[in-house]
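See below for the structure under consideration.
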Amino acid sequence: ARKNFLAAEHDITELVDAMLALAFKYRHLKAVTNSTSTQVAQRREGNDAYLKCKLGNRLNSEGETLFPLIREANPDPLGALHYLLTKQQNHTLEFPLRNAPWPLLVSLATSHFPTRECDWVWSRYLAHPDNTSLRAQPAPLATRWAYYSLQYTRTEVQCKSSVWHPNALPRIGEDGGLCGRLAYMQVGSLACRGQPSQMLGQPRHAAAMSYAAKSDGSWRMDKYSWIASAYFTTVLAGDELSTDDIAGVAKTRTVSVDYLQAIANGMNEGLSSWVDVRLAMLLFRVVYAAEGLPLLDKLAALLLSALSANVHYIEAWDLLFTHFSLTILSNDTLIARAHSIFRPVAPTYPKTFEKLLIGLATVYECKGSGPLSFLLREIDAVTPTCDTAMRVRMKIAIAPCLRANYSGSGSSAVRGFEHELLSLAWNECIPNVVGSRSDEDLALGDMPMQEDALKELMETLFGKHGDMDDYGMAGDVDEAISYLEELLLKFPVGHVAKVKEGCEDDIAQTSYFWGTWQQTKRVGERSAHIQLRTHLHKYYGIRGLSEKRTSLDYNTYQQLQKPVALHDAGQLTYASLLDWQHFLSCAGLGGRRLAVDARSRDLSLPHIRQLGVDADSETLKQMAQDSESGAGVQSAEGRLMTQTALVTADFVVFDSDYSSLAINGSALAAATNNFTPYPTSPPSPSEPPASPNPPPSPLAPPLPPSPSPP
């Protein structure tokens, strides 16, 4: 039926891969569902928008909003393909839809954007009419695709009169957005023109990727607004090609971007060899489920044989490495072969390589320097020189080896990690001595990647801060206290976030630093110092040193109230030198009033000047600074990350606007033995005769019977 439908209007030759990609990607979408729109999410966001406009006195005289509360529905997958084929009759698509292998086309998100919004993209990108009899306009219209600002959250902006929903692509161009909306605009603008693309997650930041064809016929994965490496990058729908089909409403899970990068590389190696790996993986799952452990080594050997011809299949490596870490697969020959096949691509897929290291650290006895030295050399070999956060997290991943060699060793083991502690605390490749940094050197962002890695490292060294019996690798309480107190003099204490000229918070209003200073007269406490103080609290509590705990907090607050003295002592950092100068001027602490800088002046700068091109360097810099707070991926902006893939299924909605229910009939039948009722219980033994009712009390005559209802 689908083939006949398309054949009526289009040349359907060379569409096999496109049809296969859609059929596989949307295999869980009910046939009666004529759209990929999540109606529950639309209803929720509509209710939120209505309440905001009502509280802001922005409704019209009839009590209605001035814009559509419900965003237009997305097309169904076949309708989206029909749309692209229609455009292709008189346009050039951004991606070779007919010639691309189907695994790349699984990331095509055209069916997740309303058709009229895609028409808007085409009308601005190249003003070519669909009707070939009309005169074509060869040049793109001047269009502001998107710009970096949080002004879209203001009530008067969201509730303004418009024919578009506030999250529609044209409104992002009008109203701006932070990382989430800009990445969403990038994905939407490419998807509407037939190019596979997806939203990505990085620590407190949103980014995007797309597939592109190279001039030599090979494929590549392009990046948009990345401020972190692949190791820290995730994708919600990265396992859409998964062979592990789990029943339930959620059909996808968050995985490493390695999954997406490997698809392009795998297609360059060859679709046939890639499919061979997929078949070997299916064989592994089916036979292992039926036969169990006796055939496991043989199945793993077959899978490794396929991977030797095409190494770029991350799900297969995850399957093997998981069996290593569970010690179900422990054959030395198989493990050595897996390492030799995967090791050459380890720098390309660092997060997947970490899983191999976890497996090795679990399978083998790590007592002694041999295994640990090997693992540390492997980590150093694949980690960029200055990516301390990645190196530290990989070391923590092999925690069994670390604990086997260092647990209970006292301060000597802990002090061996001082370089990593200081590097993460200051966000420096090579940490300098406190007091030796210039004003420019103190412009060190308080970034989430370093913050999270430092938290994990300190919990490894000193135990989890909420567990009074966990001393980590430190072992000795008094030695731990002594060393943590030493670090108080080596860690940064305060941090000045973004400050806008004019004595306001930054243009995106993400840090709220200036408002906090006005209320408390304290600068922010650096996240590293917060963690250090938290661990000292724990150890002071263990020893009953409540006075030292109180004194630590008091001294910290006193320091934060004297930012100039803290700066002169070399323990204050800031987002940028300009922000520090603005803060001094606004707080009346010295310095002169500075000229308005480009960030606060240019609200209409079109940071996306050409679709498919990465954000400019200034925008990327601001995105990195704003990831300190993560405002670009919160609330509605963060929910956009789930709307470019089919991550949930809303089939049956009852009284709630916020929940949905899907019933898998096959799974339910299997769980209930094809709906066979449970056997009835045997009859209970007969009860002894009940005592006769006592006669009514003369003091309490019986009540008259209740009147019959009319």
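Keep in mind that the numbers below use all heavy atoms, side chains included, and drop hydrogens, waters and symmetry copies.
For R526 against G445, the heavy-atom pair with the smallest separation is NH2-O, 3.0 Å. Between A453 and R393, the shortest heavy-atom contact is CB-CG, 3.8 Å. Of all the heavy atoms in I396 and L457, the pair that sits closest is CD1-N, 3.4 Å. Closest approach of M449 and P203 over heavy atoms only: CG-CG, 3.4 Å. A pairwise comparison of heavy atoms in M199 and G180 identifies CE-O, 3.6 Å as the closest pair. The two atoms that bring A230 and D258 nearest to each other are CB-OD1, 4.5 Å, heavy atoms only.
Within the 4.5 Å cutoff, no side-chain heavy atoms of T254 are placed close to those of V235. The shortest side-chain heavy-atom distance between L200 and T234 does not fall under the 4.5 Å cut-off. The closest side-chain heavy-atom distance from Y148 to R181 is not below 4.5 Å. Within the 4.5 Å cutoff, no side-chain heavy atoms of N47 are placed close to those of L69. Two residues are said to be in side-chain contact when any heavy atoms from C-beta on lie closer than 4.5 Å; L169 and W164 fail this criterion. Between I542 and Y471 there is a side-chain heavy-atom pair separated by less than 4.5 Å. In this structure, the side chains of T233 and K351 stay at 4.5 Å or more apart for every pair of heavy atoms. At least one side-chain heavy atom of Q261 sits less than 4.5 Å from a side-chain heavy atom of M221.
At distances below 3.5 Å, at least one donor-acceptor pair connects side-chain atoms of Q202 with backbone N or O atoms of I227. Under a 3.5 Å cut-off, the side chain of N555 and the backbone N or O of S551 do form a donor-acceptor pair. Using modelled atom types, one side-chain atom of Q571 and one backbone atom of F491 make a donor-acceptor pair closer than 3.5 Å. For the pair K52 (side chain) and C159 (backbone), a donor-acceptor distance under 3.5 Å is absent. Of the possible polar contacts, none joining the R391 side chain to the V382 backbone as a donor-acceptor pair under 3.5 Å is found. Panel note: side chain E156, backbone G56; no donor-acceptor pair is recorded below 3.5 Å. Panel note: side chain T460, backbone E456; a donor-acceptor pair is recorded below 3.5 Å. Looking only at distances, no side-chain donor or acceptor of D222 sits under 3.5 Å from a matching main-chain atom of S210. Judged by distance alone, the side chain of S189 and the main-chain N or O of Q186 form a donor-acceptor pair under 3.5 Å. The backbone N or O of A208 lies less than 3.5 Å from a partner atom in the side chain of W226, making a donor-acceptor pair.
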Test log, rule side-chain contact (heavy atoms from CB on, under 4.5 Å), inputs L552 and H537:
CA-CA 9 Å; L552 172 63; H537 279 182; 4.1 Å; yes
Stepwise, does the side chain to side chain donor-acceptor pair (under 3.5 Å) test hold for R58 with T65?
CA-CA 7 Å; R58 297 282 172 173; T65 57; over 6 Å; no
Under the criterion side-chain contact (heavy atoms from CB on, under 4.5 Å), I'd like the reasoning laid out for E117 against V121: C-alpha separation, chi angles, the key distance, then a yes or no.
CA-CA 6 Å; E117 294 181 26; V121 170; 5.9 Å; no
Steps toward side chain to side chain donor-acceptor pair (under 3.5 Å) verdict (E525, Y557):
CA-CA 9 Å; E525 185 178 3; Y557 296 145; 5.8 Å; no
side-chain contact (heavy atoms from CB on, under 4.5 Å) between F67 and V163, intermediate numbers included
CA-CA 6 Å; F67 60 89; V163 298; over 6 Å; no
Check step by step if side-chain contact (heavy atoms from CB on, under 4.5 Å) holds for I379 and I398.
CA-CA 10 Å; I379 291 172; I398 60 169; 4.0 Å; yes
Do F583 and W517 pass the ring-ring contact (aromatic ring centres under 6.0 Å, His included) test, and can you show the C-alpha distance, the side-chain angles, and the key distance before you say yes or no?
CA-CA 10 Å; F583 169 71; W517 165 263; 5.0 Å; yes
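Aromatic ring centroids of Y147 and Y152 lie 6.0 Å or more apart.
The pair E451-R204 meets the salt-bridge criterion, with a side-chain N (NZ, NE, NH1 or NH2) lying under 4.0 Å from an Asp/Glu carboxylate O. A salt bridge links E486 and R415; the closest N-O separation between the charged side-chain nitrogens and carboxylate oxygens is under 4.0 Å. Using a 4.0 Å cut-off between charged nitrogen and carboxylate oxygen, D478 and R543 count as a salt-bridge pair.
Checked by atom type, the side-chain pair Y540/E547 shows no donor-acceptor distance below 3.5 Å. Side chains of E428 and N432: a donor on one and an acceptor on the other come within 3.5 Å. Side-chain contact, T388 with E420: no donor N or O sits under 3.5 Å from an acceptor N or O. In this model, a donor atom of one side chain and an acceptor atom of the other lie less than 3.5 Å apart for D439 and H567. A donor atom on one side chain and an acceptor atom on the other are found under 3.5 Å apart for S576 and D579. Between the side chains of T573 and H495, a donor-acceptor pair is found at a separation under 3.5 Å. No side-chain donor from either of E64 and Y50 sits under 3.5 Å from a side-chain acceptor of the other. Inspection of the S438 and D441 side chains reveals an N or O donor paired with an N or O acceptor under 3.5 Å.
Residue K160 qualifies as enclosed at atom NZ: its count of foreign heavy atoms under 6.0 Å is above 12. Atom NZ of K562 sits in a sparse spot, with 12 or fewer heavy atoms from other residues, nucleotides or ligands closer than 6.0 Å. Counting non-hydrogen atoms of neighbouring residues, nucleotides and ligands closer than 6.0 angstrom, the CD1 atom of I430 reaches no more than 12 such neighbours.
The distance from the OG atom of S527 to the CG atom of L454 is 7.0 Å, given to the nearest 0.5 Å. The line from OH of Y184 to NE2 of H112 is 10.0 Å long, rounded to the nearest 0.5 Å. Between atom CD of residue Q151 and atom CD of residue E174 there is a gap of 10.5 Å, rounded to the nearest 0.5 Å. We find the CG-CD distance between L444 and Q450 to be 10.0 Å, quoted to the nearest 0.5 Å. Here the CG-OG1 distance, from L488 to T556, works out to 7.5 Å after rounding to the nearest 0.5 Å. For the atom pair OG of S197 and CG of L260, the computed distance is 11.0 Å after rounding to the nearest 0.5 Å.
Judged by the 6.0 Å distance and 45° axis criteria, R437 is positioned over the aromatic ring of W426.
Taking the six-membered ring where tryptophan is involved, the planes of Y574 and W580 are essentially parallel, since the angle between them stays under 30° and well short of 60°.
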